[in-house]
Amino acid sequence: MSPEAPLGVFDSGLGGLTVVRELRRALPHEDILYQGDTARVPYGTKGPETVTRYALACARHLVGRGAKAIVVACNTVSAVAPDRLRAELDVPILSVIEPGARAAVEASRTGRIGILATAGTIASGAYPRAVTSRSTRAETYGQAAPLLVPLAEEGWTEGEVPELVAARYLEPLARAGVDVIVLGCTHYPLLRATLEKVAARAMGDGVVLVDSARATAEDAVAFLRERGMLRSPGRPGTTHLFVTDLPASFEAGVRRFLGSGFDSVTAVDL
Ligand code: DGL
């Protein structure tokens, strides 16, 4: 596979553009093909078999368009489907779980780590497994936070309502005495300021929020560099988007999650 080939990224919807945003920053010369399964979002409330089936369709589409590697931006897919994706596809599959777990272990002083994620990700136990494989002294505390996804999609990221919701979800993590919280969902980086504020109120200023999107971009750079798969820096990279449904709110969603322009959007049927 040529290093000049594009990098494929996919998610259940537009939330994975938070990962693309970090990839763009870390890898400005890569061409990115992004598949958002906007017709079937959310994945976080669905069972592992269904999520795996949808994930395979997204990944196959990107491989069919020539992707040299796939970054699974969706935490729920990364939690339940990476083995199937690796078994069935011929390109490297990078997930968001290991980078998020690595960043959490590095950031924690006490080894008490909170995981905030979708119900599917929490139920899979993927983050606790990834954390304990890196640190035997670490203890994880999972908290499903499903209401944060629609709040981020609505752009309702600050003020009384998101603060109340965040306080309810963070309260058990505060009781557990965690000093690090993993934002284990594509959508949560948009609520970072609110989560930080509420976490500081409940747990003091020392608590650190770890963003799995940022950690994933760092790992992707190392992965591509080590294997000689980085695109040559001749021109800035492009961003082409594919969606399974083009909702009226598409432009606003892209602005919110990606925060920058893109080259094209194409509706596809998987
Ligand atoms: N992309 C999902 C994740 O990171 C969140 C949205 C969904 O439930 O599909 O887990």
Side-chain angles (χ1 to χ4, degrees), residues 8-23 34-59 62 70-82 85 93-101 103-104 114-128 130 142-157 162 165-166 169 181-192 195 209-217 241-245 247 249-250 253-254 256-258 270:
V9 183
F10 77 91
D11 178 44
S12 52
L14 298 181
L17 291 171
T18 55
V19 177
V20 173
R21 184 201 294 236
E22 297 299 333
L23 287 168
Y34 178 85
Q35 172 67 58
D37 196 2
T38 43
R40 300 189 282 207
V41 66
Y43 286 1
T45 50
K46 298 189 170 80
E49 281 309 314
T50 305
V51 171
T52 302
R53 188 156 40 88
Y54 293 169
L56 278 166
C58 292
L62 293 171
I70 302 283
V71 177
V72 181
C74 181
N75 286 257
T76 309
V77 172
S78 297
V80 303
L85 291 169
I93 305 288
L94 310 182
S95 103
V96 287
I97 304 277
E98 287 81 11
I115 315 288
L116 212 55
T118 64
T121 299
I122 295 299
S124 75
Y127 269 111
Q143 175 64 48
L147 285 180
L148 298 183
V149 169
L151 284 173
E153 295 214 337
E154 286 297 315
W156 212 351
T157 55
V165 175
Y169 288 142
I181 298 171
V182 180
L183 304 184
C185 172
T186 47
H187 288 58
Y188 301 171
L190 265 69
L191 287 138
R192 188 180 182 107
L195 290 165
L209 266 53
V210 166
D211 183 340
S212 61
R214 195 160 296 172
T216 300
L241 311 180
F242 299 90
V243 289
T244 45
D245 179 60
S249 59
F250 175 78
V254 172
R256 208 169 288 140
F257 290 109
L258 184 60
L270 302 180

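The residues of the chain are indexed from 1 along the displayed sequence. On a predicted model such as this, the values are computed, not experimentally measured, just so you know. We use all heavy atoms of the structure for the numbers below, so side chains are in, but hydrogens, waters and symmetry mates are not. Just so you know, ligand 1 is whichever comes first in the structure, and atom 1 is the first atom listed for that ligand.
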* Asked: Is the side chain of R21 donor-acceptor paired with the backbone N or O of F257 at a distance under 3.5 Å, no angle test?
  -> yes

* To do: Please round to the nearest 0.5 Å and tell me the distance separating atom OG1 of T244 and atom CG of D37.
  => 4.0 Å

Could you list the donor-acceptor pairs under 3.5 angstrom formed by side chains in residues 44-57, with sequence neighbours left out?
| from | atom 1 | to | atom 2 | distance (Å) |
| --- | --- | --- | --- | --- |
| K46 | NZ | R40 | O | 3.0 |
| K46 | NZ | P42 | O | 2.4 |
| T52 | OG1 | P48 | O | 2.7 |

Show me the donor-acceptor pairs within less than 3.5 Å that the side chains of residues 183-191 make with the rest of the protein, sequence neighbours left out.
| from | atom 1 | to | atom 2 | distance (Å) |
| --- | --- | --- | --- | --- |
| H187 | NE2 | E153 | OE2 | 2.9 |
| Y188 | OH | A117 | O | 3.3 |
| Y188 | OH | A145 | O | 3.0 |

* Would you check if L270 and Q35 make a side-chain contact, meaning some heavy-atom pair closer than 4.5 Å? => yes

* Atom-level proximity to ligand 1, residues with heavy atom under 4.0 Å -> D11, S12, V41, P42, Y43, G44, C74, N75, T76, T118, C185, T186, H187

* Asked: Which residues satisfy the side chain to side chain contact (heavy atoms under 4.5 Å, CB included) test with S12, sequence neighbours excluded?
  -> V41, Y43, C74

